[in-house]
Amino acid sequence: MANSKLSAAFAAQARDPKSRFLVIVGMAITVAGLALSYYTLNDTQTVATSARLSATPEVESIPGELSSPFYESILSQFNKEAAERALEQGRGFVPVLQGQLQID
């Protein structure tokens, strides 16, 4: 019985031109909003830049590879001092890697 009253109310509203117009406008706005959201979120355009590279530079050094003795001594001193400061302050410290890179 409740379904028939509800369906009768919907049928009466569907026959009313003002209600029908509002439903159609609401549906059109919903469809337009969904389409706009889809096209906005699926933006696949490439970014235009002014960079002009003919090639990438050659990398000749490897991180952790053996370097000059002067650099090694400075790096060792920095690691030692930073570790001491971290110990005094009760914090952690990750030293900068040094020495020859060995891959097993």
Side-chain angles (χ1 to χ4, degrees):
M1 186 77 179
N3 283 342
S4 64
K5 285 184 181 180
L6 185 62
S7 60
F10 281 138
Q13 229 176 7
R15 282 190 293 269
D16 179 33
K18 184 177 179 182
S19 296
R20 190 173 34 221
F21 175 75
L22 290 176
V23 168
I24 291 172
V25 168
M27 288 171 57
I29 289 173
T30 302
V31 168
L34 288 173
L36 182 66
S37 298
Y38 176 77
Y39 288 115
T40 302
L41 295 176
N42 287 334
D43 186 19
T44 57
Q45 294 179 354
T46 57
V47 177
T49 65
S50 61
R52 303 277 186 247
L53 294 176
S54 60
T56 58
E58 290 292 324
V59 177
E60 297 179 10
S61 64
I62 300 171
E65 124 180 283
L66 189 60
S67 56
S68 72
F70 175 71
Y71 177 73
E72 291 289 329
S73 67
I74 289 176
L75 189 57
S76 180
Q77 181 181 357
F78 169 78
N79 284 341
K80 184 179 177 185
E81 291 173 1
E84 289 173 359
R85 274 195 311 270
L87 188 61
E88 290 171 1
Q89 296 173 357
R91 298 184 340 183
F93 170 71
V94 177
V96 178
L97 297 177
Q98 64 188 56
Q100 189 165 359
L101 178 65
Q102 294 180 357
I103 301 175
D104 294 330

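Only heavy atoms go into these numbers, but all of them, side chains included; no hydrogens, no water, no symmetry mates. Count residues from 1 along the sequence. Since this is a predicted model, take the numbers as computed values, not measurements.
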Determine all donor-acceptor pairs shorter than 3.5 Å in which one atom belongs to a side chain in residues 21-33; sequence neighbours excluded.
{"unit_1": "T30", "atom_1": "OG1", "unit_2": "G26", "atom_2": "O", "d": "2.8"}

**Atom pair NZ/CZ of K80 and F93 - distance to nearest 0.5 Å** = 13.0 Å
**Complete:** Nearest heavy-atom contact between R20 and R15 is NH2-O, 3.9 Å
**Closest non-hydrogen atom pair, A86 against G92** = CB-O, 3.9 Å
**Request:** Kindly write out the residues that satisfy side-chain hydrogen bond (donor to acceptor under 3.5 Å, both in side chains) with E88, not counting sequence neighbours, or none if the list is empty.
**Result:** none
**Prompt:** Just how far is it from atom CG of L36 to atom CG of L41, taken to the nearest 0.5 Å?
**Reply:** 9.0 Å
